[in-house]
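Have a look at the structure below before the remarks.
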Amino acid sequence: MAPKQTKAEKKIAYDGKLCQLLEEYGQILVVNADNVGSNQLQNIRKGLRGDSVVLMGKNTMMKRSVRMHAEKTGNNVYLSLIPLLVGNVGLIFTKGDLKEVSEEVAKYKVGAPARVGLVAPIDVVVPPGNTGLDPSQTSFFQVLNIPTKINKGTVEIITPVELIRKGEKVGSSEAALLAKLGIRPFSYGLVVLSVYDNGSVFSPEVLDLTEDDLIEKFVAGVSIATSLSLAISFPTLAAAPHMFVNAYKNVLSVAVEIDYSFPEADKVKEYLKDPSKFAVAAVAAPAADSGAPAAAAKEEEKKEEPAEESDDDMGFSLFD
């Protein structure tokens, strides 16, 4: 039987393990482990086995190990992890896709009852319907101002009731009522707080961004840059087309007011002299567009029609 390790030996072993993981993995998820049991944590470790490692420990030990590793290697990028080690947190080292690992961690949530004094992570709403409780239990509902009625010898809740709000502490009456109704309103598991990726630290919401979201944000940024460029008359690649169009409009405006002209300005002047021509041109354009497909369709029909066979093609003549 191996001798039991002393506290100093445990610290040395922990430092070695954490430093080794920092060397091997460049991606880390910082997770909150409040209300997570040992069995639940063991299941998470099994689910992530292969390309990820879950490491828990005291914050002081983790901070100490990170500082030691940064000093030994001279790589200070790991120091950005230290401000994140606050509260009941752990580290998930991974070589896989960060989004997939985060989704896998979220699967291992376990339902939990509302315990007295616990801070509610979500709003708790009691749905309407038959509770299955006998009329002697109505005192619970009266204390909590829940409207009820007696239906077929059991208590029935008439309307949905917001029993506990997010951030409030669970009281004894609320906990007792939820236990009687068999409602387990809360679910707990590892919650990703921050993401470390090769020296960069960002929020886990970034993992949910899709290509469409990135394109939308890029287009919004280009639009802002274009507006700013146009406002201060500073040419940029995004604003150049608009500047050319605006300059062309200005040239047309000047040409209309003076005797100088050019082909494009002649058309504008002609429309201004006789606006009815503009109306005719506007109607003719869609008609031409609709006529082109129709003409093409007719041409296709002609090609598909089989040619009529003549007597000569049949190899003889009726008058032979």
Side-chain angles (χ1 to χ4, degrees), residues 29-44 47 54 56-60 62-63 81-92 99 101-151 154-195 201-209:
L29 298 178
V30 182
V31 295
N32 180 278
D34 285 341
N35 302 298
V36 177
S38 57
N39 291 335
Q40 186 180 357
L41 191 59
Q42 188 65 26
N43 292 332
I44 295 173
V54 180
M56 307 299 293
K58 293 183 178 180
N59 294 345
T60 53
M62 288 192 285
K63 290 178 181 179
L81 284 170
I82 292 177
L84 307 177
L85 302 177
V86 179
N88 186 17
V89 296
L91 302 175
I92 298 179
K99 181 175 174 60
V101 174
S102 179
E103 291 174 350
E104 183 67 23
V105 170
K107 292 179 183 178
Y108 294 90
K109 286 190 175 181
V110 176
R115 297 188 180 88
V116 179
L118 195 66
V119 177
I122 58 171
D123 294 332
V124 179
V125 178
V126 178
N130 198 311
T131 63
L133 301 175
D134 60 85
S136 63
Q137 305 292 328
T138 53
S139 58
F140 286 105
F141 300 96
Q142 292 173 355
V143 170
L144 298 170
N145 296 320
I146 298 177
T148 59
K149 66 178 181 179
I150 306 301
N151 184 17
T154 57
V155 179
E156 182 177 332
I157 299 174
I158 301 173
T159 58
V161 178
E162 188 177 25
L163 189 63
I164 309 169
R165 291 184 180 179
K166 181 179 178 179
E168 293 181 349
K169 286 188 176 182
V170 179
S172 57
S173 299
E174 290 88 347
L177 177 60
L178 291 172
K180 285 182 176 294
L181 296 177
I183 298 175
R184 298 167 68 89
F186 306 141
S187 60
Y188 297 108
L190 295 181
V191 179
V192 179
L193 300 178
S194 301
V195 181
V201 177
F202 50 88
S203 171
E205 283 77 12
V206 175
L207 300 177
D208 298 327
L209 291 176

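Heavy-atom basis, side chains included; hydrogens, waters and symmetry copies ignored.
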For the atom pair CG (D208) and NZ (K99), what is the distance rounded to the nearest 0.5 Å?
4.5 Å
Please check if the side chain of [X] supplies one atom and the backbone of [Y] the other of a donor-acceptor pair under 3.5 Å.
| X | Y | value |
| --- | --- | --- |
| N88 | A33 | yes |
| N130 | E156 | no |
| Q40 | Y188 | yes |

Residues in side-chain hydrogen bond (donor to acceptor under 3.5 Å, both in side chains) with Q42, at least two apart?
none
I need the minimum non-hydrogen distance between [X] and [Y], along with the two atoms involved.
| X | Y | value |
| --- | --- | --- |
| L84 | S194 | CD2-OG, 3.7 Å |
| V36 | L41 | CG1-N, 4.2 Å |
| S187 | K109 | OG-CD, 4.1 Å |
| G171 | V116 | O-CG2, 4.2 Å |
| P204 | V192 | CG-O, 3.5 Å |
| A114 | A175 | O-CB, 3.3 Å |

Hey, is E103 close enough to K107 for a salt bridge, meaning N to O under 4.0 Å?
no
Note, [X] side chain near [Y] side chain (heavy atom, < 4.5 Å):
| X | Y | answer |
| --- | --- | --- |
| I44 | L190 | yes |
| L163 | I146 | yes |
| V161 | P147 | yes |

Take atom NZ of K169 as the centre, draw a 6.0 Å sphere, and report whether it contains more than 12 heavy atoms from other residues, nucleotides or ligands.
no
Candidate list V170, V126, V124, test side-chain contact (heavy atoms from CB on, under 4.5 Å), partner P185, passing option
V124
